[in-house]
Protein chains: 2
Amino acid sequence: MPRPATNLRESILDQARRLLLAEGYTRMSMRRIASRVGCTATSLYLYFKNKNGLFHALMDEGMDKLFVGLDHVLESTDTTPQERLRGVFRTYLDFGLENPEFYEVMFLLHPRHTRRYPPEKYRAARNRLERVGADIALARGDDPDPAEVQVLAALAWTSLHGTISLLVAQRVDARLDQETLVDRAVEHAMALALPPQS
Amino acid sequence: MPRPATNLRESILDQARRLLLAEGYTRMSMRRIASRVGCTATSLYLYFKNKNGLFHALMDEGMDKLFVGLDHVLESTDTTPQERLRGVFRTYLDFGLENPEFYEVMFLLHPRHTRRYPPEKYRAARNRLERVGADIALARGDDPDPAEVQVLAALAWTSLHGTISLLVAQRVDARLDQETLVDRAVEHAMALALPPQS
DNA sequence: ATGTTAAGTTAACAAGGTTAACCTTGGTAC
DNA sequence: GTACCAAGGTTAACCTTGTTAACTTAACAT
């Protein structure tokens, strides 16, 4: 039945997102998406270059969602640098834990598995990291050697990323309270923003 | 040509390992392994239950290699807790960075992708983490509340894991010096073993 | 010679991504 | 009103996966 055009693209994205979140990248197959949408697999190729293209569209969504949350904190002016840092750290952790499948494909997967996400999109991420670095420098109050600031921001990131990663991959001892670990991870990252010890 | 039995199992493991390290899990296909070994794909099933079984055999190798390195440091007696901690942290980082594909499948991948690795194997890993916790407690010198020690060890792990993970996934800004980041990651983890501030 | 079994192979299936070729409707030009 | 044409699909097919069932062949024991 040609010519329905009931915004098929959106339906595809909807069902693809559901499958991705529920069952992961490999089980999000073109045929299964199509079946749920109510069309054939080849139709997906009318709207997306291939499975990777479709996936990148979903990744854009995830990035946007994350950035909106981060920017909301970073751009608040009636806050101290410490408050902003704590806020972005927690926002980042929450995003990863609440959208594990998105997080996984955005930051966890080797570029080998899903073809490389356009580097310019990662520039936007790097930009947020620089703003985190700026707040770290503010919080520490010492001279901001740019290279050192970059390292500190990266360290904060690796710390949060590691926490999300191990929790998402279910590698961490189940007896360990997840909330405690998350709280402490924030504090451990915050330690990077402490004024350098005498 | 039946009955060669030239230790086919070892040849399979060799070629599988090469493919895994060079091209990743999905591109390590049964047929490609077989082709390099010089047999048919179905022969692999004589030695391994399926692709996942073959993969788990490789994973055992990786685990052993990592544990040998960690134990070498953990069991040294002529060292301080601080020295041992710094040693295990660096050993762990080096292992991850030198065997990225192994590390990826061992700790990075969601159990969804490769069928679950036997939990008892992870018990061995947890055991090492407990010994790290013990050294952290020693280094801090304060009363060792077991739950707190577990959290501290987990935090150290997440921190190192995050560093490896982002470097392996090539997510970190290329302009940032990798060695510096690794060194600082060790120090950041070591901060967890500092005596609690007054 | 006769089994028996270990160690392979061939052929096939289902599921995956992807492409080429084909319909089928709706609107426009004359 | 008829001819065209392109948007929006579909069908059929190809190739690569993991995996299984059925068959073959070589070596050894009796």
Side-chain angles (χ1 to χ4, degrees), chain A residues 1-59 101 105 109-117, chain B residues 1-59 101 105 109-117:
Chain A
M1 51 178 89
R3 273 296 156 97
T6 61
N7 227 350
L8 192 53
R9 197 191 136 96
E10 284 308 310
S11 307
I12 293 170
L13 280 173
D14 284 347
Q15 298 304 324
R17 191 185 320 106
R18 286 185 53 177
L19 273 173
L20 179 67
L21 290 172
E23 311 197 24
Y25 182 79
T26 33
R27 302 207 53 186
M28 168 186 101
S29 88
M30 301 300 261
R31 285 176 171 85
R32 289 185 74 196
I33 298 169
S35 149
R36 302 203 174 189
V37 167
C39 66
T40 55
T42 49
S43 290
L44 308 204
Y45 290 84
L46 298 173
Y47 296 94
F48 304 94
K49 184 170 177 294
N50 49 27
K51 182 174 178 180
N52 214 234
L54 168 51
F55 169 69
H56 279 173
L58 289 174
M59 210 154 147
E101 191 67 34
V105 300
L109 250 53
H110 194 282
R112 187 190 309 111
H113 298 311
T114 143
R115 249 162 287 169
R116 193 174 219 90
Y117 192 64
Chain B
M1 51 175 91
R3 273 297 156 96
T6 60
N7 229 350
L8 192 52
R9 197 191 137 94
E10 283 309 308
S11 307
I12 292 171
L13 280 173
D14 284 348
Q15 298 305 324
R17 191 184 319 106
R18 286 185 53 178
L19 273 172
L20 179 66
L21 289 171
E23 311 195 24
Y25 182 79
T26 34
R27 301 208 53 184
M28 167 187 101
S29 89
M30 301 301 260
R31 285 176 173 82
R32 289 184 73 196
I33 297 169
S35 149
R36 300 201 178 190
V37 167
C39 66
T40 56
T42 49
S43 291
L44 308 204
Y45 289 84
L46 298 173
Y47 297 94
F48 304 94
K49 183 170 179 292
N50 49 27
K51 182 174 178 182
N52 214 234
L54 168 52
F55 169 69
H56 280 172
L58 289 174
M59 211 157 146
E101 190 68 33
V105 299
L109 250 51
H110 193 283
R112 187 190 310 111
H113 298 311
T114 144
R115 248 162 287 171
R116 194 173 219 90
Y117 191 62

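We name chains A, B, ... by the order of the sequence lines, and we start the count at 1 in each one.
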What distance separates [X] [atom1] from [Y] [atom2], expressed to the nearest 0.5 Å?
X	Y	atom1	atom2	answer
A:Ser11	A:Arg9	OG	CZ	11.5 Å
B:Met30	B:Met28	CE	CE	7.5 Å
A:Met59	A:Asn52	CE	CG	9.5 Å
B:Gln15	B:Leu44	CD	CG	11.0 Å

List in numerical order all residues of residues 19-45 of chain B for which some heavy atom is under 4.0 Å away from an atom belonging to DNA chain C.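 By residue number: B:Arg31, B:Cys39, B:Thr40, B:Thr42, B:Ser43.
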Please report the distance, rounded to the nearest Å, between [atom1] in [X] and [atom2] in [N].
X	N	atom1	atom2	answer
B:Asn7	C:dA7	CG	C1'	14 Å
A:Arg9	D:dG8	CZ	C1'	15 Å
A:Lys51	D:dT17	NZ	C1'	13 Å
A:Lys49	C:dT18	NZ	C1'	11 Å
B:Leu46	D:dT19	CG	P	14 Å

Are OP1 or OP2 of D:dG9 and a side-chain N or O of A:Tyr47 less than 4.0 angstrom apart?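 Checking A:Tyr47 against D:dG9: at least one side-chain N or O falls below 4.0 Å of OP1 or OP2.
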Identify the residue among B:Leu13, B:Leu20, B:Leu19 that makes a side-chain contact (heavy atoms from CB on, under 4.5 Å) with B:Arg17.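 Of B:Leu13, B:Leu20, B:Leu19, side-chain contact (heavy atoms from CB on, under 4.5 Å) with B:Arg17 is met by B:Leu13 alone.
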What closest approach, in Å, do A:Phe48 and A:Leu54 show between heavy atoms, and which atom pair accounts for it?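 Result for this residue pair: CD2-CA, 3.7 Å.
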